[in-house]
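Proteins come first, then strands; the chains are lettered A, B, ... in the order of their sequence lines, and each starts at number 1. Just so it is clear, the values below take in all heavy atoms, side chains as well, and ignore hydrogens, waters and symmetry mates.
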Amino acid sequence: MRYYAVVDCDNCYVSCERVFRPDLKHAVVVVLSNNDGCVVARSNEAKQLGVKAGTPYYQLASLFPQAKIAVFSSNYELYGEMTARVMSLIRKAAPQCFRYSIDEAFCVLDGMERVDLKQWGEQLHQQILRCTGMPVSIGIAPNKTLAKMASHFAKHYAGYRHCCLIDTKEKRGKALRLYPLKEVWGIGRRLAARFQALGMETAWDFAKQQLGGGNVVLERTWRELNGEDCVPNEGMARKKTICTSRSFNGMISDVGELATHVANFAARGAEKLRRQGSVAAVVGVFIETNPFREDLPQYWNSCDETLLTPTDATATIVETARRCLDRVFLPGYHYKRAGVLLMGIAPASGIQTNFLDFDAERFQKLKSLDAIVDRINKQNGTETVVLAAQQYRPRKPGGRAKAEVFANVIRHDFRSKNPTTRWCDIVQLK
DNA sequence: TCTGGGGTCCTAGGACCC
DNA sequence: TCTGGGGTCCTAGGACCC
């Protein structure tokens with residue numbers, strides 16, 4: 001029988017922060033979303049206190065007036081580096097594995113018939129903790145849905161020593177009966193509510209139900225709960241759409257300022273495209289006012305443009321995004337969020353050029369330009385070199401300077417340092 | 001004052017074609 | 001009175017994931 005393991009970092013962002021702040025080991029810790037908007041990660045102590053995921057930061061103080069809460073802005077540079085280290089250890093330990101998200105990986109444990117899987121998992125947990133400081137939970141079972149369920153038990157019951165193995169029908173039955181249906185991988189809030197109305201509370205209730213018609217996705221979940229292995233192992237290799245968007249700290253009415261941000265989103269999108277070796281055929285832009293401000297007029301719009309020849313060139317994508325913005329922008333509104341979407345993504349190796357439009361010389365020039373810019377930005381930090389369009393130029397003297405405009409983009413008042421990626425932040429021992 | 005940012009897949013329905 | 005049958009492609013919306 002084939003077995004799967006899921007390795008899941010415990011409270012990932014909080015754990016990353018704690019590695020360099022051992023004084024917070026038992027503290028109530030939360031990490032905020034971009035813009036210091038709302039809570040996206042909580043330590044166990046924070047969960048116990050009753051801090052809910054998604055709580056707006058500005059409500060924390062009034063919701064928990066007595067509590068001492070350590071707050072961090074999100075620091076993706078740190079989380080990216082820390083989780084990369086965890087992933088490399090998992091890759092060494094498992095015969096096959098694929099990353100499922102920033103903090104999770106699935107392993108296919110083929111060829112390990114003679115290995116004690118429970119012990120293997122416990123050792124992997126210890127090794128990752130020792131080498132990186134990251135606590136993980138490991139679930140092992142005959143399919144991914146059950147492995148996810150097992151990892152949940154590993155996380156919540158100390159007796160499992162961070163690894164839970166479901167390898168018999170009896171263990172599966174016991175786990176299903178203890179597992180709330182709404183926690184099942186593939187059953188979200190909406191479906192759970194629907195099934196609950198029909199009297200199903202646990203994974204067991206659902207698994208024992210006769211499945212009638214409908215949706216293939218749901219049927220796969222049902223089959224997996226019953227022990228079959230049928231959720232495909234995703235390639236996940238290349239993204240099919242790439243979206244770069246942000247909410248602004250405050251609101252923006254000036255088209256020039258908005259265009260600067262859109263240019264930055266477009267440039268980031270183009271970088272992501274090149275990193276995965278793809279080109280995009282369609283560039284889209286959306287802009288949006290603040291839906292929470294019911295006192296202000298609301299407006300949302302988007303538009304896209306299909307390129308004659310798909311590209312990964314920053315300059316082309318930025319120009320196209322600018323044209324799209326001009327088509328949707330209406331003066332007089334206060335914009336809160338904008339984004340750039342890249343669609344129609346295909347491998348860069350097989351570009352279909354348009355014979356009317358294609359300029360081979362320009363194509364080559366942009367290509368080498370982007371290659372150099374990417375290299376400089378990789379060595380010296382992102383956005384060391386940018387297009388002029390990515391910098392805001394005040395129209396009159398005394399207008400706002402670039403630095404102030406970018407300070408307005410994202411708020412991160414509680415950002416930690418980057419001791420794993422920047423020499424200037426390296427930890428000093430006294 | 002203050003409310004995140006990415007993705008995937010499936011389905012139903014409409015447009016269009018012969 | 002009375003208006004076919006089969007197919008493809010695209011889009012919007014709804015569900016899910018982290």
Side-chain angles (χ1 to χ4, degrees), chain A residues 6-13 30-42 52-63 71-76 79-80 83 98-106 144-145 148 151-152 181-195 213-221 231-251 265 268-269 272 276 282 284 286 288-296 300 302 304 306 334 336-345 408-414:
Chain A
V6 59
V7 184
D8 191 298
C9 299
D10 296 344
N11 311 329
C12 184
Y13 299 169
V30 301
V31 177
L32 305 177
S33 63
N34 262 332
N35 236 359
D36 293 344
C38 45
V39 172
V40 291
R42 302 160 292 158
K52 298 268 179 287
T55 305
Y57 167 62
Y58 74 93
Q59 293 177 0
L60 265 191
S62 53
L63 286 172
V71 176
F72 289 91
S73 304
S74 36
N75 182 351
Y76 291 103
Y79 312 151
T83 54
F98 51 95
R99 192 172 187 160
Y100 177 68
S101 72
I102 188 164
D103 69 341
E104 246 176 285
F106 282 110
K144 292 185 285 297
T145 305
K148 289 276 279 186
S151 78
H152 185 95
L181 182 54
K182 65 176 195 300
E183 302 289 337
V184 171
W185 190 47
I187 307 283
R189 225 181 49 240
R190 292 233 153 75
L191 286 172
R194 243 151 66 191
F195 290 126
N215 185 308
V216 302
V217 179
L218 196 62
E219 176 167 342
R220 283 203 280 249
T221 298
V231 173
N233 296 335
E234 288 146 80
M236 307 215 76
R238 288 204 167 103
K239 303 243 185 291
K240 294 170 183 172
T241 64
I242 289 175
C243 175
T244 310
S245 75
R246 291 287 178 280
S247 294
F248 307 122
N249 173 27
M251 291 178 283
F265 302 153
R268 287 299 282 273
K272 294 181 195 173
Q276 68 165 34
V282 181
F286 64 87
E288 185 177 29
T289 52
N290 186 348
F292 292 102
R293 289 292 300 268
E294 289 171 8
D295 54 320
L296 293 176
W300 182 96
S302 73
D304 52 53
T306 300
H334 301 284
K336 180 65 179 171
R337 197 162 89 97
V340 171
L341 282 138
L342 302 178
M343 297 162 286
I345 290 178
N408 174 49
V409 186
I410 296 180
R411 193 151 110 200
H412 41 77
D413 294 344
F414 319 106

Using only atom types and a distance under 3.5 Å, with no angle test, would you say the side chain of [X] pairs donor to acceptor with the backbone of [Y]?
X        : Y        : result
A:Thr83  : A:Asp103 : no
A:Arg190 : A:Ala193 : no
A:Lys144 : A:Val231 : yes
A:Ser73  : A:Asp413 : yes
A:Ser74  : A:Leu32  : yes
A:Lys182 : A:Gly188 : no

Identify the pairs formed between an N or O of the protein and an N or O of nucleotides 8-11 of chain C at a distance under 3.5 Å, and give each distance.
none

Base, sugar-phosphate, or nothing: which does [X] touch, judged by heavy atoms less than 4.0 Å apart?
X        : result
A:Thr241 : sugar-phosphate
A:Leu32  : nothing
A:Thr244 : sugar-phosphate

Using the test ring pair (Phe, Tyr, Trp, His ring centres under 6.0 Å), find all partners of A:Phe292 that sit at least two apart in sequence or belong to another chain.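 Testing A:Phe292 for ring pair (Phe, Tyr, Trp, His ring centres under 6.0 Å), a comparison that skips the adjacent residues, returns none.
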
Are there any protein N/O atoms within less than 3.5 Å of an N/O atom in nucleotides 1-4 of chain B, and if so, which ones and at what distance?
residue	atom	partner	partner atom	Å
B:dT3	OP1	A:Lys336	NZ	2.6
B:dT3	O4	A:Tyr58	OH	3.3
B:dG4	O4'	A:Ser33	OG	2.8

Rounded to whole Å, how long is the line connecting atom CD of A:Gln276 with atom C1' of B:dG7?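 Value for this atom pair: 12 Å.
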
In whole Å, I'd like the distance from the CG atom of A:Leu341 to the C1' atom of B:dG5.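 Distance check: A:Leu341 CG to B:dG5 C1' gives 12 Å.
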
Minimum heavy-atom distance A:Lys272-A:Thr244, with the two atoms named: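 Smallest heavy-atom distance, with atoms named: NZ-OG1, 3.2 Å.
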
Derivation of the side-chain contact (heavy atoms from CB on, under 4.5 Å) call for A:Phe106 and A:Lys148: CA-CA 9 Å; A:Phe106 282 110; A:Lys148 289 276 279 186; 4.0 Å; yes

Heavy-atom side-chain contact between A:Lys336 and A:Thr289 under 4.5 Å: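 Heavy-atom side-chain distance check fails, nothing below 4.5 Å.
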
Side-chain contact test, heavy atoms from C-beta onward, threshold under 4.5 Å: evaluate it for A:Leu296 versus A:Asn290 and give yes or no.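 No - every pair of side-chain heavy atoms lies 4.5 Å or more apart.
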
Aromatic plane relationship, A:Tyr13 with A:Tyr76 - under 30° parallel, 30 to 60° tilted, over 60° perpendicular: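 A:Tyr76 and A:Tyr13: perpendicular rings.
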
Where protein sits on nucleotides 13-18 of chain C, one letter per nucleotide: B base, S sugar-phosphate only, - none, heavy atoms under 4.0 Å: --SSSS

Rounded distance in Å between the C1' positions of B:dG4 and C:dC17: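 Comparing C1' positions in B:dG4 and C:dC17 gives a spacing of 15 Å.
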
Please convert DNA chain B into dot-bracket. A pair counts if it is Watson-Crick or G-U wobble with both distances under 3.5 Å; crossing pairs go in [ ] and bases paired with another strand get |. ....||||||||||||||

Partners of A:Asp36 by salt bridge (Lys or Arg N to Asp or Glu O under 4.0 Å), sequence neighbours excluded?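 Salt bridge (Lys or Arg N to Asp or Glu O under 4.0 Å) list for A:Asp36, sorted by chain: empty.
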
